[in-house]
Amino acid sequence: MSFQAPKGTFDWMPPRSELALAVRDAMSAPVRRAGYGYVETPTFEDTALFARGVGESTDIVSKEMYTFEDKGGRSITLRPEGTASTVRAVLQHGLQNGPLPAKVWYSGSFFRYERAQKGRYRHFSQVGAEALGVEDPALDAELIQLAAEGFASLGLTGVRLLLNSLGCAACRPAYRAALQDFLRALDLDDATRARVELNPLRVLDDKRPEVRAQLGGAPLVTDHLCEACKGYHEEVRSLLTDAGVAFADDPRLVRGLDYYTRTTFEFVHDGLGSQSAVGGGGRYDGLSEMIGGPPLPGVGWAIGVDRTVLALEAEGLAAPRSSGGVQVYGVALGDEARRLLFSLLIELRRAGVTADMAFGGKGLKGAMKGADRSGATYAVIIGERDLAAGAAQVKDLASGEQAAVPLAEIVTTLKERLTQ
RNA sequence: GUGGGUGUAGCUCAGUUGGCAGAGCGCCAGGUUGUGGUCCUGGAUGUCGUGGGUUCAAGUCCCAUCACUCACCCCA
């Protein structure tokens, strides 16, 4: 076979793929319980939506987008993140005119053209949640708590929450200018100098030791927040504390996207290779206007499904759950028995019992081998003799005990035994 | 975009100074024609990543290339 998954991508295959499903379920369950509705937007959008929404100055837009021209000459981009699309959909359908906040969540694939490494691929999967139309610290706190709840429900104990505030349109410009003054005086390479002019906050996030060493005396956002931002941030912190959500203040925490204001947070984990974030988000009060909408404050997060699976594995929580396994495995001898077994399995499944059978005309030995490997608790064996007796052999695969059960009682018997 | 490492069976890998392509696991079959796991026996599976070069002879040496992987940058 000459094909393989495209460069920088990978396949989720059983049994490991069960973990990806478990993460999606675990992260979405809390938000669903909190009244967030499911939205599904196209996997691609007008390129300009991301250019304006995510920000021209970001690496995502400047070099990591999968952009192409469609047959109608439109510039199309595979979504590199979920917030811009979600806000676009909310505005397009007028949710901002309905009850606020508009609370929505999503789950899907995202794309960034990057060199792959552990925890970072060209195709990745996120679960996200957004609350739009209301500026209320309780909403920021709710979202953060819901994500923390999701991680906890997976059994993860190594996820840490970092919290910061980036200020607002009133106080950020002054801070930005102060930071630029500081950064311009440093000894930096050309790329970083350019970043100082475009997006100085991101320089604080540089991991290189030679850069880090110079950032010691950098002005911090927290010292430049206006009264409104300070009060807002204090309220978020206090609500989180009351809710029992542990967090660490990190005045250096910035995010890669241009639209963030005020509350910014990141969930980090140490088991992700060189990556650190399993999820992150924040408030983005100016995003709607950036993409041509009315003023519409918002707050949200996205959790990396693949990275969360890595975190699970790093914590030894990747125990093989029921990976597509079944409870009952059918083995038939002869065509007539096989037809009967086929129908019996359908009945079992309708009764809520998971069931599989031997396919491909294997002999009894081979079929029993299949029963063993399926991980089933019981095998149901039907041969000519059983057929004549109107019964089937029900075998406990762990103990090896086997007994004939009348065909009419098979479903109820198995269901009973399995729910004990 | 930059740098390091690795490419041999489905998987994990061995392969000596260049000399017949290997092991374990898995898979299939039989031992047991109505019974799985353990055990025994047998079997199938290879573009040695790809292309070129050196050589009587290349998995092994040389060059190029591709892929994977880890890291930088950046981010979920």
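Just so it is clear: chains get the letters A, B, ... in the order the sequence lines come, proteins before strands, and each one is counted from 1.
- The residue A:Tyr121 sits close to a base: some heavy atom pair falls under 4.0 Å.
- Counting any heavy atom pair closer than 4.0 Å across all strands shown, A:Glu81 reaches no nucleic acid atom.
- For the pair A:Lys118 NZ and B:C70 C1', the interatomic distance rounds to 10 Å; values are reported in whole Å.
- Nucleotide B:G34 holds its C1' atom 5 Å from the CG atom of A:Leu364, rounded to whole Å.
- When side chains are defined from C-beta on, A:Glu45 does not count as touching A:Ile76, because their heavy atoms never get closer than 4.5 Å.
- Nucleotides B:G26 and B:C63 have their P atoms positioned 41 Å apart, rounded to a whole Å.
- Helical stems of RNA chain B (runs of at least 3 Watson-Crick or G-U pairs, donor-acceptor distances under 3.5 Å) are listed by first residue: B:1-7 with B:66-72, B:10-13 with B:22-25, B:27-31 with B:39-43, B:49-53 with B:61-65.
- For the OP1/OP2 pair of B:C70 and a distance below 4.0 Å, the side-chain nitrogens and oxygens of A:Gln117 include no atom meeting the criterion.
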Item to check | From CA spacing to verdict: side chain to side chain contact (heavy atoms under 4.5 Å, CB included), A:Gln117, A:Ser274 | outcome: CA-CA 8 Å; A:Gln117 68 190 67; A:Ser274 140; 3.3 Å; yes

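- Relative to the side chain of A:Leu333, the nucleotides B:G34, B:C74, B:C70 differ in distance, and B:G34 lies closest.
- One atom, CZ of A:Phe265, and another, P of B:A76, lie 11 Å apart when rounded to the nearest Å.
- Residue contacts for A:Gly383: at a heavy-atom cut-off of 4.0 Å it reaches a base atom on one of the strands shown.
- Here B:A76 is the nucleotide among B:C75, B:C68, B:A76 with the atom lying nearest to any side-chain atom of A:Phe124.
- Note: CG (A:Asn199) to C1' (B:C75) measures 13 Å, nearest angstrom.
- Side-chain atoms of A:Thr67 and A:Thr77 include a donor-acceptor pair closer than 3.5 Å.
- Across B:G36, B:G3, B:A67, the shortest atom-to-atom separation from the side chain of A:Arg115 is found for B:G3.
- Residue A:Asp396 is the one, among A:Asp396 and A:Glu114, whose nearest nucleotide of RNA chain B lies closer to the 5' end (criterion: closest heavy atom).
- You'll find that the side chain of A:Ile381 is closest to B:G34, out of B:G36, B:C73, B:G34.
- Between the CE atom of A:Met65 and the P atom of B:A76 there is a distance of 15 Å, rounded to whole Å.
- Separating the C1' atom of B:A58 from that of B:G19 is a span of 10 Å, rounded to the nearest Å.
- The aromatic rings of A:Tyr113 and A:Tyr66 sit perpendicular, their planes meeting at an angle over 60°, well past the 30° parallel limit.
- Using a 4.0 Å heavy-atom criterion, one finds that A:Gly400 contacts the bases of the nucleic acid, with or without backbone contacts as well.
- Of the listed nucleotides (B:G37, B:A76, B:C75), B:C75 has the atom at the smallest distance from the side chain of A:Ser276.
- For A:Glu81, the side-chain hydrogen bond (donor to acceptor under 3.5 Å, both in side chains) partners are A:Tyr259, not counting sequence neighbours.
- Here the nucleotide nearest the side chain of A:Arg373, chosen from B:U35, B:C27, B:A76, is B:C27.
- Here B:G49 presents its P atom at 14 Å from CD of A:Gln4, a figure rounded to the nearest Å.
- Across all strands shown, A:Ala277 has heavy atoms under 4.0 Å from sugar-phosphate atoms exclusively, and none from any base.
- Side chain of A:Arg385, nearest nucleotide from B:C68, B:G34, B:C75: B:G34.
- One can place NZ of A:Lys7 at 10 Å from C1' of B:U69, the figure rounded to the nearest angstrom.
- A:Asp386 and A:Gln393 share a side-chain donor-acceptor pair at under 3.5 Å.
- Of the listed nucleotides (B:A71, B:C73, B:G36), B:A71 has the atom at the smallest distance from the side chain of A:Ser274.
- Of the possible donor and acceptor atoms, one in the side chain of A:Thr354 sits under 3.5 Å from a partner among the backbone N and O of A:Gln327.
- A sub-4.0 Å separation between OP1 or OP2 of B:C75 and a side-chain N or O of A:Arg202 is present.
- Judged by distance alone with a 3.5 Å cut-off, a donor-acceptor contact links the side chain of A:Asp372 to the base of B:G36.
- Closest to the A:Lys369 side chain, of the nucleotides B:G36, B:A76, B:C68, is B:G36.
- Applying the ring pair (Phe, Tyr, Trp, His ring centres under 6.0 Å) rule to pairs touching residues 173-204 of chain A yields A:Tyr175-A:His224, sequence neighbours excluded.
- Under the ring-ring contact (aromatic ring centres under 6.0 Å, His included) criterion, A:Tyr121 pairs with A:Phe10, not counting sequence neighbours.
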Give me the distances for all protein-to-nucleotides 38-41 of chain B N/O pairs that come in under 3.5 Å?
none

Item to check | Stepwise salt bridge (Lys or Arg N to Asp or Glu O under 4.0 Å) test for A:Glu114 and A:Lys63 | outcome: CA-CA 8 Å; A:Glu114 306 188 79; A:Lys63 58 182 197 193; over 6 Å; no

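- One can place CH2 of A:Trp301 at 18 Å from C1' of B:C75, the figure rounded to the nearest angstrom.
- Within the nucleic acid shown, A:Ala376 has no heavy atom closer than 4.0 Å to any nucleic acid atom.
- Here the closest non-hydrogen pair linking A:Glu289 and A:Leu296 is OE1-N, 4.4 Å.
- Without hydrogens or angle criteria, A:Arg307 side chain to A:Gly119 main chain gives a donor-acceptor distance under 3.5 Å.
- Ring-to-base geometry does not place A:Phe110 in a stacked arrangement with B:A76 (centre distance under 5.5 Å, plane angle under 30° required).
- Using P as the reference atom, B:G49 and B:G7 are 8 Å apart when rounded to the nearest Å.
- For the C1' atom pair drawn from B:G43 and B:U60, the interatomic distance equals 30 Å after rounding to whole Å.
- If you check distances only, the side chain of A:Arg120 never reaches the base of B:A76 with a donor-acceptor pair under 3.5 Å.
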Would you list the atom pairs, donor with acceptor, under 3.5 Å between side chains in residues 136-151 of chain A and any protein atom, with sequence neighbours excluded?
residue, atom, partner, partner atom, Å
A:Asp136, OD1, A:Ala138, N, 2.8
A:Asp140, OD1, A:Tyr232, OH, 2.7
A:Asp140, OD1, A:Arg283, NE, 3.2
A:Asp140, OD1, A:Arg283, NH2, 2.8
A:Asp140, OD2, A:Tyr232, OH, 3.4
A:Asp140, OD2, A:Thr263, OG1, 2.7
A:Asp140, OD2, A:Arg283, NE, 3.0
A:Glu142, OE2, A:Tyr36, OH, 2.7
A:Glu142, OE2, A:Lys103, NZ, 2.9
A:Gln145, NE2, A:Glu149, OE1, 2.6

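- The nearest heavy atom of RNA chain B to A:Gly280 and to A:Gly8 marks one nucleotide each, and the one closer to the 5' end goes with A:Gly8.
- With hydrogens and angles ignored, a donor-acceptor pair closer than 3.5 Å exists between the side chain of A:Lys395 and the base of B:G36.
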